[in-house]
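Here is the structure we will look at, set down as structure tokens.
Chain A is the first sequence line, chain B the second, and so forth, proteins listed ahead of strands; every chain is numbered from 1. The structure displayed is predicted, hence computed values, not measured ones.
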Amino acid sequence: MNTKIPRVRFAPSPTGLLHVGNARTALYNWLVARRAGGQFILRIEDTDLERSEARHEAQLIEDLHWLGLDWNEGPGQLGEPDKGTHGPYRQSDRLAIYAEHTERLLTEGKAYRCFCTPEDLEVERTEAAAEHRTQIYSGRCRALDPATIAKNIADGKPFAVRLKIEDHPLRFHDLVRGPVEFAAESVSDPVLVRSASGFSAGIPVYNYVVTIDDALMQITHVIRGDDHISNTPKQVAIYQAFGWPVPEFAHLSTILGSDRERLSKRHGATSISTFRQMGYLPEAMFNYLALLGWGAEDGKTETFTHDELIKAFSIERVTPSPAIFDFDKLNWLNRHYLKQADPERIAKLAERQFCNHRPDIFPLWSGSELYTAEALAFLASQDPPIHLNVPSLELIAQRKAWFANLLALFFPKVDFLAQLPAKAAFIFAVDLVSARANEENIAVLAVDSARTVLSELASRVRTHNGHVTPEAFKEWMNEIKDATGIKGKELFYPVRIALTGFHSGPDFDKIIPLIENGATLGLSIPSVRDRINQFVGV
RNA sequence: GGCGCUAUCGUCUAGGGGUUAGGACGUGAGAUUCUCAAUCUUAAAACACGGGUUCGAUUCCCGUUAGCGCUACCA
């Protein structure tokens with residue numbers, strides 16, 4: 001067991017969006033560091049020059065921050081210097097370091113030059129396959145005499161650098177899985193530095209550079225995906241060749257989709273930024289990811305704040321088996337945190353979701369917040385009058401209050417904020433076409449009582465002046481009930497269809513003020529009167 | 001093919017040589033409401049299979065099966 005204060009790292013490649021699986025790896029690393037007062041280090045693995053992009057790195061960092069993760073050491077952004085003293089933290093800035101280390105291995109005889117051609121290797125591979133053996137390198141360049149080596153180099157023969165693996169089983173300790181051992185004959189001398197022609201000549205391979213980076217950055221616990229298990233014996237051999245202490249490893253299981261295949265876009269959202277755009281809260285994502293492959297010691301607790309999770313987490317309790325990503329449970333957690341969140345914060349996030357749907361009225365504070373109603377009136381009274389087409393401060397405040405009511409009504413109905421505009425759409429406009437096309441609605445409206453109710457209501461609306469208050473509306477409903485004897489669904493359904501386009505939905509005393517106030521706040525929302533009239537065809 | 005990892009309700013998991021195998025999500029039912037959502041109550045739901053070890057195995061060991069990963073001079 002490694003009892004040192006942990007130094008852990010998250011080492012993503014900036015080749016795309018941050019996948020939830022990687023985010024979970026980052027989270028577990030962060031948790032281990034925070035729990036023990038250790039350091040969490042961010043390292044960017046950008047040696048794949050063709051696919052790595054600076055914008056991806058920036059996005060990655062933003063997503064990590066959004067999730068609530070921070071790091072003690074990492075690459076500087078926008079020309080800022082690196083944070084930490086074990087840098088540089090981008091692999092592309094570390095190439096010279098790798099070269100030095102290769103030199104050292106070569107002079108110490110721990111590594112050797114391999115002049116085998118791809119064709120030579122291909123032969124070995126086919127032979128091994130034919131004999132149902134693990135394909136391993138024969139090591140034929142291991143013992144080349146110095147004269148031959150010198151001659152080959154002088155002849156300009158390309159060579160790779162290989163590590164000499166001592167002939168003993170390679171084992172390592174895994175904090176999640178316990179001891180893991182690979183038979184000596186299953187691991188052959190791995191290539192450290194490529195020979196291949198052109199572009200990639202002399203570029204060290206991944207397994208080599210991570211090991212050097214981890215060792216130099218004094219990483220004590222390597223926590224990463226289980227797709228690296230098979231790489232680990234090679235890496236252990238590299239540590240040993242340099243005489244470096246071998247860290248603890250923890251290999252996290254893969255996150256699968258509902259069909260038990262690796263979670264991919266096919267299964268829906270997979271990147272942190274997508275979830276963010278859909279209106280998931282970071283605390284929900286944080287909590288869900290923690291629960292995916294780990295459970296609290298009491299076997300019961302499901303919701304955690306950051307601090308609670310830091311206290312409760314331990315890497316040893318992480319499950320080794322693969323986990324299926326459960327959108328339902330994430331949704332449940334998101335609803336949970338939505339209910340707890342500060343309404344103003346939710347309002348800001350929610351408003352953004354509405355912008356695409358009703359750009360004419362959202363954001364509610366569009367224009368300016370600088371003008372009071374008084375100021376606007378003053379400007380309009382000037383000669384010549386100045387008309388600013390912006391809502392006044394007072395109006396904005398009223399709209400915000402109105403929006404808060406709208407949210408309070410609809411957000412218990414959604415899993416994530418992006419569902420809000422569709423759920424609340426009928427407040428902004430009634431879709432008469434689909435309302436009339438809906439089978440259940442047709443059945444409701446086909447009954448005589450429905451016609452009676454609606455005409456009764458229409459006549460009251462017609463003779464009513466000014467706003468319809470929820471109280472007045474309720475009064476009407478009671479009158480209609482008493483006058484016609486129609487009650488319950490027969491009474492409520494047709495009215496709701498006329499008002500909203502749906503036979504079921506929120507209570508009238510919630511909907512009515514929303515509609516009526518909305519109609520007066522310059523939000524181009526049809527009033528109760530408009531709706532009833534339009535529906536009965538006046 | 002080889003090597004490796006994994007296996008408790010549909011899903012995430014707790015547990016661990018003798019338990020009514022616990023919790024959560026989801027699902028069903030009920031309460032509430034005109035209805036929907038929310039809320040509350042409640043129900044159904046699991047130790048992959050076969051051998052050992054043992055007085056006793058879901059738990060320990062071995063094998064089978066299945067799934068996944070690696071099998072590159074990719075990262």
Side-chain angles (χ1 to χ4, degrees), chain A residues 11-13 15 45-48 50-52 91 114 116-118 121 125 128-137 158-162 174 176-177 180-183 185-187 190-197 200-210 225-233 251 253-254 256 258-262 288 291-303 317 319-333 335 339 409-414 423 440 444 477 481 487-493 495-496 500 502-508:
Chain A
S13 301
T15 53
E45 311 223 320
D46 59 350
T47 46
D48 186 344
E50 288 183 46
R51 290 192 296 153
S52 296
Q91 280 187 339
C114 170
C116 294
T117 63
L121 266 17
R125 203 164 304 148
E131 292 167 30
H132 304 302
R133 280 187 291 110
T134 313
Q135 189 270 314
I136 56 164
Y137 174 62
F159 61 87
V161 177
R162 282 186 190 268
D174 193 302
V176 176
R177 290 150 216 274
V180 182
E181 184 171 316
F182 289 75
E185 58 274 18
S186 68
V187 186
V191 167
L192 264 21
V193 181
R194 297 180 179 86
S195 72
S197 51
S200 55
I203 303 276
V205 305
Y206 168 81
N207 277 311
Y208 183 45
V209 302
V210 257
D226 67 356
D227 47 337
H228 291 286
I229 292 180
S230 306
N231 290 151
T232 308
H251 288 102
S253 65
T254 320
L256 308 176
S258 49
D259 54 2
R260 302 195 162 273
E261 294 200 27
R262 238 198 167 98
Y288 179 68
L291 252 25
L292 194 58
W294 173 85
E297 204 159 1
D298 64 6
K300 287 184 171 41
T301 314
E302 304 280 338
T303 56
R317 288 183 58 80
T319 332
S321 53
I324 294 174
F325 194 91
D326 184 357
F327 289 90
D328 286 332
K329 187 141 184 180
L330 205 215
N331 286 342
W332 170 73
L333 275 168
R335 277 184 260 126
K339 278 177 229 156
L409 186 54
F410 288 101
F411 97 107
K413 295 174 190 290
V414 301
K423 292 276 183 201
E440 283 175 85
V444 169
M477 295 293 275
K481 186 172 78 180
K487 56 179 174 149
K489 294 179 186 182
E490 271 92 55
L491 175 63
F492 281 82
Y493 276 21
V495 174
R496 191 181 276 106
T500 71
F502 300 94
H503 64 72
S504 68
D507 297 340
F508 286 132

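- Base pairing analysis places B/G1 opposite B/U71; the two distances defining the Watson-Crick or G-U wobble pair are each below 3.5 Å.
- The interatomic distance linking A/Asn331 (CG) with B/U11 (P) rounds to 18 Å, in whole Å.
- Whole-Å rounding puts the A/Arg262 CZ to B/G69 C1' distance at 7 Å.
- B/A46 and B/C12: their P atoms are spaced 16 Å apart (whole Å).
- Residue-level contact check: A/Phe182 touches the backbone only, with heavy atoms under 4.0 Å from sugar-phosphate atoms and none from bases.
- Atom C1' of nucleotide B/U39 and atom CZ of A/Phe411 are separated by 14 Å, given to the nearest angstrom.
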Evaluate the criterion ring pair (Phe, Tyr, Trp, His ring centres under 6.0 Å) for residue pair A/Tyr206 and A/Tyr208; output intermediate values, then yes/no. CA-CA 5 Å; A/Tyr206 168 81; A/Tyr208 183 45; over 10 Å; no
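- For the pair A/Arg162 and B/A72, the criterion of a side-chain N or O lying under 4.0 Å from OP1 or OP2 is not met.
- Across B/G4, B/U35, B/G23, the shortest atom-to-atom separation from the side chain of A/Lys329 is found for B/G23.
- A donor N or O paired with an acceptor N or O is found under 3.5 Å between the base of B/C73 and the side-chain atoms of A/Ser195.
- With B/C12, B/C34, B/G69 as the candidates, the nucleotide lying closest to the side chain of A/Arg496 is B/C34.
- More than 12 heavy atoms of other shown residues, nucleotides or ligands fall within 6.0 angstrom of atom CD in A/Glu181.
- A stacked arrangement is assigned to A/Phe492 and the six-membered base ring of B/C34, with a centre-to-centre distance below 5.5 Å and an interplanar angle below 30°.
- In A/Arg125, the CZ atom is crowded: over 12 heavy atoms of neighbouring residues, nucleotides or ligands sit closer than 6.0 Å.
- At least one test fails for A/Arg496 against the ring of A/Phe502: distance under 6.0 Å to the centre or angle within 45° of the axis.
- Between B/C70 and B/A75, the two P atoms lie 14 Å apart (nearest whole Å).
- The residue A/Leu491 sits apart from the nucleic acid: no heavy atom pair falls under 4.0 Å.
- Candidate nucleotides B/C73, B/G69, B/A37 were compared by shortest atom distance to the side chain of A/Pro412, and B/A37 ranks first.
- In a base pair of the Watson-Crick type (N1 to N3 plus N6-O4 or O6-N4) or a G-U wobble (N1-O2 and O6-N3), with each distance short of 3.5 Å, B/A66 is matched with B/U6.
- Counted by atom type alone, A/Thr254 and A/Asp226 present one or more donor-acceptor pairs between their side chains at under 3.5 Å.
- A/Cys116 comes within 4.0 angstrom of a base, heavy atoms only.
- Base-pair partner of B/G16: not found among the strands shown (Watson-Crick or G-U wobble, both distances under 3.5 Å).
- Using a 4.0 Å heavy-atom criterion, one finds that A/Leu256 contacts no nucleic acid atom at all.
- Below 30°, between 30° and 60°, or above 60°: for A/Phe508 and A/Phe492 the angle between ring planes is below 30°, a parallel geometry.
- Pairing partner, B/U32: none, since no Watson-Crick or wobble contact has both distances short of 3.5 Å.
- To the nearest whole angstrom, the two C1' atoms, one in B/C49 and one in B/G15, are 22 Å apart.
- In terms of phosphate contacts, A/Arg317 brings no side-chain nitrogen or oxygen within less than 4.0 Å of OP1 or OP2 of B/U13.
- Distance from the side chain of A/Ser321 is smallest to B/U6 among B/C34, B/U6, B/A75.
- Distances shorter than 4.0 Å separate some side-chain N or O of A/Thr319 from OP1 or OP2 on B/U13.
- B/U65 and B/G30 have their C1' atoms separated by 43 Å, given to the nearest Å.
- The residue A/Ala160 sits close to a base: some heavy atom pair falls under 4.0 Å.
- Rounded to whole Å, atom P of B/A75 lies 20 Å from atom CG of A/Asp226.
- Nearest nucleotide to the side chain of A/Asp328, out of B/A75, B/G26, B/U11: B/G26.
- In this structure, the salt bridge (charged side-chain N to carboxylate O under 4.0 Å, His left out) partners of A/Asp227, at least two apart in sequence or on a different chain, are A/Arg262.
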